[in-house]
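Accompanying notes for the structure given below.
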Number of protein chains: 2
Amino acid sequence: MKYEAITIKDIAKALELSTSTVSRALRDSHEISFETKERVIAYAKEMNYRPNPIALSLKEKRSSSIGVLVSEIANSFFSQAINGIESVAQEHGYNVIIAQSKEDYQREVSALNYLASRSVDGILISVSAGTSDFSNINELYLRGMPLVSFDRVVDHLKMHKVKVDNYKGGYEATKHLIKNGYKNIACIASSAYLSITEERVAGYKDALKSSGMAIDETMIDYCLHSGLIYEEVEAVMARMMKQKNKPDAILACSDKITTNVMRYCQIKKIKIPTKIGLLGFSNLDLTDLLTPSLSVVRQPASEMGRIAAELLIKTIESKRALTTFEEVILPTELFQRASSAKKPKVK
Amino acid sequence: MKYEAITIKDIAKALELSTSTVSRALRDSHEISFETKERVIAYAKEMNYRPNPIALSLKEKRSSSIGVLVSEIANSFFSQAINGIESVAQEHGYNVIIAQSKEDYQREVSALNYLASRSVDGILISVSAGTSDFSNINELYLRGMPLVSFDRVVDHLKMHKVKVDNYKGGYEATKHLIKNGYKNIACIASSAYLSITEERVAGYKDALKSSGMAIDETMIDYCLHSGLIYEEVEAVMARMMKQKNKPDAILACSDKITTNVMRYCQIKKIKIPTKIGLLGFSNLDLTDLLTPSLSVVRQPASEMGRIAAELLIKTIESKRALTTFEEVILPTELFQRASSAKKPKVK
DNA sequence: TTATTTCCCGGTATCGTTTGCGTAAATTGA
DNA sequence: TCAATTTACGCAAACGATACCGGGAAATAA
């Protein structure tokens, strides 16, 4: 079945005018008489005429749509970010096309090809945790595709970047755990490929150092899928809880790692925070309602999306290729709740 | 800046052929000699040629994209549904354009206009809770736009529908609360405009009746924004807790109502389930980790999205207008957890 | 009256692709 | 050897909208 829209030709035929006259009348050109304009506009309104965006796109060589590549839509951080992106896009007359990588490199490559072949005007990228080869993205850049990366940015690529101060987020979170009396703080991070992982872990390490605590590499581990798969978190937790130097607190560096650590502890009946403290990066809306209420480092997801979208649209609409690239760094927010409560001085 | 893609014309010029020959060679037409095909295909591959989808769209009068209208992306149910939609769309070569209504009628109208004017090939609709006038949707139907509604379907409109058995979901949930000893079960539902509200409430009422319990209309209330705004839930709860016949259990009929009731109880320090039992419709992934773990009626969101997308694409690709419409009804799943635990026989 | 300007509007090319039609050259058949 | 067929390609129109170019008619100026 087909949805037949009225075209400028239909109007021209009905009013016995040429298409160019109709076109100009609708765009309020000064070379069209007042009466003709009136007639055309009235008829167009009556017939509910809308210019065909596809024809416009072909003519203007732009599609007025932007692509968004995230690892997973059904993730609180990304759905909030998309929320922000969508509202900015709407304001500027762009539509948003979504693609997911599911934290997989191959899917990311095909998703990017997909978006590029759908001729979007630009792409917002948050790279997948499984991605270590960025040649694909770089190739898009070289071919002139406007790009902005957010959250999981790629340091050495030339493009605008919007991220949070991951180092500080990791530092403050760790400091908070130390202040509350935890002595063996483990860190479970996303894929080591990601710069956000590197930064958060660096913050964690520096916090330990600055408090005169030793860094034990067995207390640091990574999840290639960013915790998307329960089993990868389970494996790390199982290993850590088995080792001699057991953690008494966990700093979880992604949304899914945080909740999966929590799930692990519930399944294994490990009490939080009495047996183990927990503080995680998370953008869930109801961390305050969890058992126990969860201490989190929260990112301004929606705002990141808004800013990234603004930058992308600015890039798209700028006449010439950019030579300088902005890096916007937003603050994280630390919510101290029960899961990282002060440790009782018992031993 | 602009992303310049290679066109069929560029190939034609480079190889000293006509565009039609190139086009036919790429589509493996029998009227092109083997050698010419080889040359064209090799060159196209070398130059990484991709047909311009916009030109295709203009020619074929189809955009290979579908619109999705939901109330809110950052909602677990909808993000899961979009997940399913996106994967099916991808499989069939469609892209997904998202729009949000934020439970507001005016925004829904403009979002629909937006999608229609972006010339999508079809639209998946889950109506906003604030919508009582469906003339807009009906008009789209009359103009021949392929439509499928899911979750929040509109009964009297002619289109495919994908939903869950809301009546049964409400019935079984209420029966479960009754079985666990609750006597004054209140029901907080979404907007009364929605058929899902009607059905869930009907299930609730029939469950009470079948257990010989009276129906008290003061124990039933509605939230126009489906609980999206905390204050509307707060107002209902405050009213109910103040009245003479206080509820000892709540059946919450949407994701946001459920969590906002929980939040209300936490703020007001009303113990769940000792003071009040709670069971809600929800698709959150971590209801098992909440305090207390939350009993929920869960909908197969991703599957609903998949099925709805399949139906829509089938509708789009069918030659002639449909005369019969499918209504797919999926089962809900009841998870019994601590928030609706058996009531102690104390008074 | 004639030349010049102004006002309105139509013709046509264009964006990238597909496709029906036309046709020269090559091949076939008798 | 000549007509008939096949092969292999080019030309041009079409999808919907825009914009440059150009031109007829009326209005103004000389």
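Lettering follows sequence order; numbering is per chain, from 1.
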Phosphate-side-chain proximity, [X] and [N], N/O vs OP1/OP2 below 4.0 Å:
X: Lys61(A); N: dG16(C); result: yes
X: Tyr49(A); N: dA17(D); result: yes
X: Lys9(B); N: dT14(C); result: no

Q) With sequence neighbours left out, what residues match Glu91(B) under salt bridge (Lys or Arg N to Asp or Glu O under 4.0 Å)? A) Arg306(B)

Q: Would you please name every residue forming a salt bridge (Lys or Arg N to Asp or Glu O under 4.0 Å) with Lys158(B), sequence neighbours left out?
A: none

To the nearest 0.5 Å, what is the distance between [atom1] on [X] and [atom2] on [Y]?
X: Thr36(B); Y: Arg24(B); atom1: OG1; atom2: CZ; answer: 12.0 Å
X: Met145(A); Y: Ser119(A); atom1: CE; atom2: OG; answer: 8.0 Å
X: Arg107(A); Y: Ser128(A); atom1: CZ; atom2: OG; answer: 10.5 Å

Over how many whole Å does the gap from [X] atom [atom1] to [N] atom [atom2] extend?
X: Arg27(B); N: dT19(C); atom1: CZ; atom2: C1'; value: 10 Å
X: Leu58(B); N: dT18(D); atom1: CG; atom2: P; value: 13 Å
X: Leu56(A); N: dG16(C); atom1: CG; atom2: C1'; value: 15 Å
X: Lys13(B); N: dG16(C); atom1: NZ; atom2: P; value: 10 Å
X: Leu15(B); N: dG10(D); atom1: CG; atom2: P; value: 10 Å
X: Asn52(A); N: dG16(D); atom1: CG; atom2: C1'; value: 6 Å
X: Glu60(B); N: dG16(D); atom1: CD; atom2: P; value: 13 Å
X: Arg62(B); N: dT17(C); atom1: CZ; atom2: C1'; value: 14 Å

Q. Which pairs with one or both residues in residues 33-56 of chain A pass ring pair (Phe, Tyr, Trp, His ring centres under 6.0 Å), sequence neighbours excluded?
A. none

**Q.** His156(B)-Phe134(B) aromatic ring centre distance below 6.0 Å
**A.** yes

Q) Touch check for Arg50(A), heavy atoms < 4.0 angstrom, all strands: base, sugar-phosphate only, or nothing? A) sugar-phosphate

Q.
Under 4.0 Å, heavy atoms only, any strand: does Ser23(B) hit a base, just the sugar-phosphate, or nothing?
A. base

Got a list of protein N/O to nucleotides 6-10 of chain C N/O distances below 3.5 Å?
unit_1: dC9(C); atom_1: OP1; unit_2: Thr36(A); atom_2: OG1; d: 2.7
unit_1: dC9(C); atom_1: OP2; unit_2: Ser33(A); atom_2: N; d: 2.9
unit_1: dC9(C); atom_1: OP2; unit_2: Ser33(A); atom_2: OG; d: 3.1
unit_1: dC9(C); atom_1: OP2; unit_2: Thr36(A); atom_2: OG1; d: 3.1
unit_1: dC9(C); atom_1: N4; unit_2: Glu31(A); atom_2: OE1; d: 2.7
unit_1: dG10(C); atom_1: OP1; unit_2: Ser18(A); atom_2: N; d: 3.4
unit_1: dG10(C); atom_1: OP2; unit_2: Ser18(A); atom_2: N; d: 3.0
unit_1: dG10(C); atom_1: OP2; unit_2: Ser18(A); atom_2: OG; d: 2.8
unit_1: dG10(C); atom_1: OP2; unit_2: Thr21(A); atom_2: OG1; d: 2.1
unit_1: dG10(C); atom_1: N7; unit_2: Arg24(A); atom_2: NH2; d: 3.1
unit_1: dG10(C); atom_1: O6; unit_2: Arg24(A); atom_2: NH1; d: 3.1
unit_1: dG10(C); atom_1: O6; unit_2: Arg24(A); atom_2: NH2; d: 2.9

Q: Could you verify whether a donor N or O on one side chain and an acceptor N or O on the other, from Arg39(A) and Ser33(A), lie under 3.5 Å apart?
A: no

Q) Considering residues at least two apart in sequence or located in another chain, which fulfil the side-chain hydrogen bond (donor to acceptor under 3.5 Å, both in side chains) criterion with Glu108(B)? A) Thr131(B)

Q.
When the axes are fitted on five pairs at both termini, how much does the helix from dT1(C)-dA30(D) to dA30(C)-dT1(D) curve, in 10° steps?
A. 60°

